[in-house]
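Structure first, then comments.
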Amino acid sequence: KKLRLLALDALERIEMAVRVDVAHLLGQRDSSAHENPACLHGNFAKKLITKGQDQGKTQHQVWLAKYQSLLRRAHKEPFVQHNRQAYGALPIWAAIEVWDFGLLSKLFAGMQHADQLTIATMYGAADGQTFAQWLRSLNFIRNVSAHHSRLWNLNVVERSAVPTDWLATLDNARPFFYFCLMQQLLGVICPNSTWGQRLAGLLDG
């Protein structure tokens with residue numbers, strides 16, 4: 001339980017920080033960038049899905065449907081009501097407040113490569129695709145933790161590659177590697193955080 005709570009503490013900060021980074025970058029181009037296919041990568045915004053229940057749709061259309069679902073759930077929130085009444089829709093800097101980690105990670109994966117790289121570089125990732133995978137893996141850890149499932153020694157299904165300048169002995173199939181990723185991201189977001197010390201104390205206890 002303590003390990004799950006530590007994970008959720010870190011992931012909440014990471015999610016909020018990356019949300020803001022995405023909104024700031026895309027919002028400079030278009031206040032509705034999250035809804036504008038021209039602001040996203042062509043594979044995400046234009047390429048049609050050929051199999052499964054979403055066949056014939058783009059990944060962006062699927063993303064928008066999930067976003068609208070979360071928006072309906074939050075329809076009584078004052079900021080949602082205000083933006084809808086004033087502007088008819090939520091600008092991206094307000095829309096991020098209703099996204100969950102999964103929606104954030106999917107939109108980041110659908111951003112243009114140059115935009116991905118801008119954000120990835122801030123967090124020490126080799127490139128945008130690497131950072132997109134980090135977000136997918138961390139979303140997996142977040143879902144396990146939020147649903148009170150066993151996290152300790154879990155077999156991680158959504159895996160990220162171990163960076164080449166990290167210890168080669170780190171196992172990307174186990175949660176410890178992803179806690180190391182969280183610590184790296186927190187070092188950028190809040191350098192004075194004691195989260196790493198709390199994690200070390202729990203593991204030593």
Distance check, rounded to the nearest 0.5 Å: Leu3 atom CG versus Arg150 atom CZ?
11.0 Å

Would you say the ring centroid of Trp134 lies under 6.0 angstrom from that of Tyr123?
no

Strictly distance-based, threshold 3.5 Å: is any side-chain N or O of Ser69 a donor or acceptor partner for the main-chain N or O of Ala65?
no

Are Met16 and Phe79 linked, directly or through other ILVMFWY residues, by side chains that come within less than 4.5 angstrom of each other?
no

More than 12 heavy atoms of other groups within 6.0 Å of Arg29 CZ
yes

Indicate if Val144 and Leu203 have the same hydrophobic cluster label, given that clusters are the connected sets of ILVMFWY residues with side-chain heavy-atom separations under 4.5 angstrom.
yes

Is the closest side-chain heavy-atom distance between Arg13 and Ser193 below 4.5 Å?
yes

Could you state whether Leu5 and Phe176 fall into the same hydrophobic cluster, counting links through intermediate Ile, Leu, Val, Met, Phe, Trp or Tyr residues with side-chain heavy atoms under 4.5 angstrom apart?
no

Could you check whether any side-chain heavy atom of Lys106 comes within less than 4.5 Å of a side-chain heavy atom of Lys66, counting everything from C-beta outward?
yes

Should Ile92 and Asp30 be marked as a side chain to side chain contact (heavy atoms under 4.5 Å, CB included) after you check the CA-CA gap, both sets of side-chain angles, and the distance that decides it?
CA-CA 8 Å; Ile92 190 168; Asp30 183 349; over 6 Å; no

Using atom types as modelled and distance alone, determine if a side-chain donor or acceptor of Asn172 lies under 3.5 Å from a backbone N or O of Val162.
no

Kindly indicate whether the side chain of Pro37, heavy atoms from C-beta on, has any atom under 4.5 Å from the side chain of Phe44.
no

Grab the two heavy atoms, one from Ala23 and one from Ile96, that are nearest each other, plus how far apart they are.
CB-CG2, 3.8 Å

Donor-acceptor pair, side chain of Gln28 and main chain of His24, under 3.5 angstrom
yes

Quick one: CE on Met182 to CG on Leu6, what's the gap to the nearest 0.5 Å?
9.5 Å

Side-chain heavy atoms of His113 within contact of His41, under 4.5 Å
yes

Hydrophobic clustering (ILVMFWY, side-chain heavy atoms < 4.5 Å, transitive) - are Leu117 and Val20 grouped together?
no

Are any side-chain N or O atoms of His60 and backbone N or O atoms of His34, one a donor and one an acceptor, separated by less than 3.5 Å?
yes

Looking only at side-chain N and O atoms, does Asp127 offer a donor or acceptor that is under 3.5 Å from a partner on Thr130?
yes

Could you check whether atom CD of Gln53 has more than 12 heavy atoms from other residues, nucleotides or ligands sitting under 6.0 Å from it?
no

Within the 4.5 Å heavy-atom criterion, are Glu158 and Gln133 side-chain neighbours or not?
yes

Any idea which heavy atoms bring Ala146 and Leu8 closest together, and the distance?
N-CD2, 4.1 Å

Could you check whether any side-chain heavy atom of Glu35 comes within less than 4.5 Å of a side-chain heavy atom of Gln68, counting everything from C-beta outward?
yes

Just how far is it from atom NZ of Lys2 to atom CG of Leu151, taken to the nearest 0.5 Å?
15.0 Å

With a 6.0 Å cut-off (strictly less than), is the heavy-atom count around CD of Glu12, excluding the residue itself, greater than 12?
no

For Ser160 and Tyr178 the tightest heavy-atom approach is N-OH, 3.0 Å

Between the main-chain N or O of Pro78 and the side-chain N or O of His82, is there a donor-acceptor pair closer than 3.5 Å?
no

For Leu40 and Gly110, which heavy atoms make the closest approach, and how far apart are they?
CB-O, 3.5 Å

Could you check whether the rings of Phe131 and Phe108 sit parallel, tilted or perpendicular, using 30° and 60° as the cut-offs?
perpendicular

Worked verdict on Ile119 versus Met111 for side chain to side chain contact (heavy atoms under 4.5 Å, CB included)
CA-CA 11 Å; Ile119 293 174; Met111 288 167 57; 4.0 Å; yes

Apply the test side chain to side chain contact (heavy atoms under 4.5 Å, CB included) to residues Gln59 and Lys47: give CA-CA distance (whole Å), side-chain angles for both, the deciding distance (0.1 Å), then the verdict.
CA-CA 8 Å; Gln59 290 182 61; Lys47 188 177 180 181; over 6 Å; no

Can you find a heavy atom in the side chain of Val156 that is under 4.5 Å from one in the side chain of Arg174?
no

Working to the nearest 0.5 Å, report the span between CG of Leu71 and CH2 of Trp99.
12.0 Å

Closest heavy-atom pair and its distance - Cys39, Leu26
O-CD2, 4.1 Å

Say whether, by atom type as modelled, one donor and one acceptor occur between the side chain of Thr194 and the main chain of Gln197 under 3.5 angstrom.
no

Any chance you could lay out the side chain to side chain contact (heavy atoms under 4.5 Å, CB included) test for Leu90 and Glu97, step after step, and finish with the verdict?
CA-CA 10 Å; Leu90 273 64; Glu97 296 297 331; over 6 Å; no

Return the CG to CD1 distance between Asp21 and Ile189, rounded to the nearest 0.5 Å.
8.0 Å

So does Tyr87 have more than 12 non-hydrogen atoms from other groups sitting under 6.0 Å from OH?
no

If you look at every heavy atom in Phe101 and Asn139, which pair is closest and at what distance?
CB-OD1, 3.4 Å

Sub-4.5 Å side-chain heavy-atom contact between Leu154 and Phe140
yes

Could you identify which residues cluster with Ile49, counting Ile, Leu, Val, Met, Phe, Trp and Tyr as linked when any side-chain heavy atoms lie under 4.5 Å apart, either directly or through a chain of such contacts?
Val62

Test item: Arg136 side-chain N/O and Ser105 main-chain N/O as donor-acceptor pair under 3.5 Å
no

For the atom pair CZ (Arg4) and CG (Leu11), what is the distance rounded to the nearest 0.5 Å?
13.5 Å

Is there a path of hydrophobic side-chain contacts, each under 4.5 Å between heavy atoms of I, L, V, M, F, W or Y residues, that connects Leu185 with Trp166?
yes

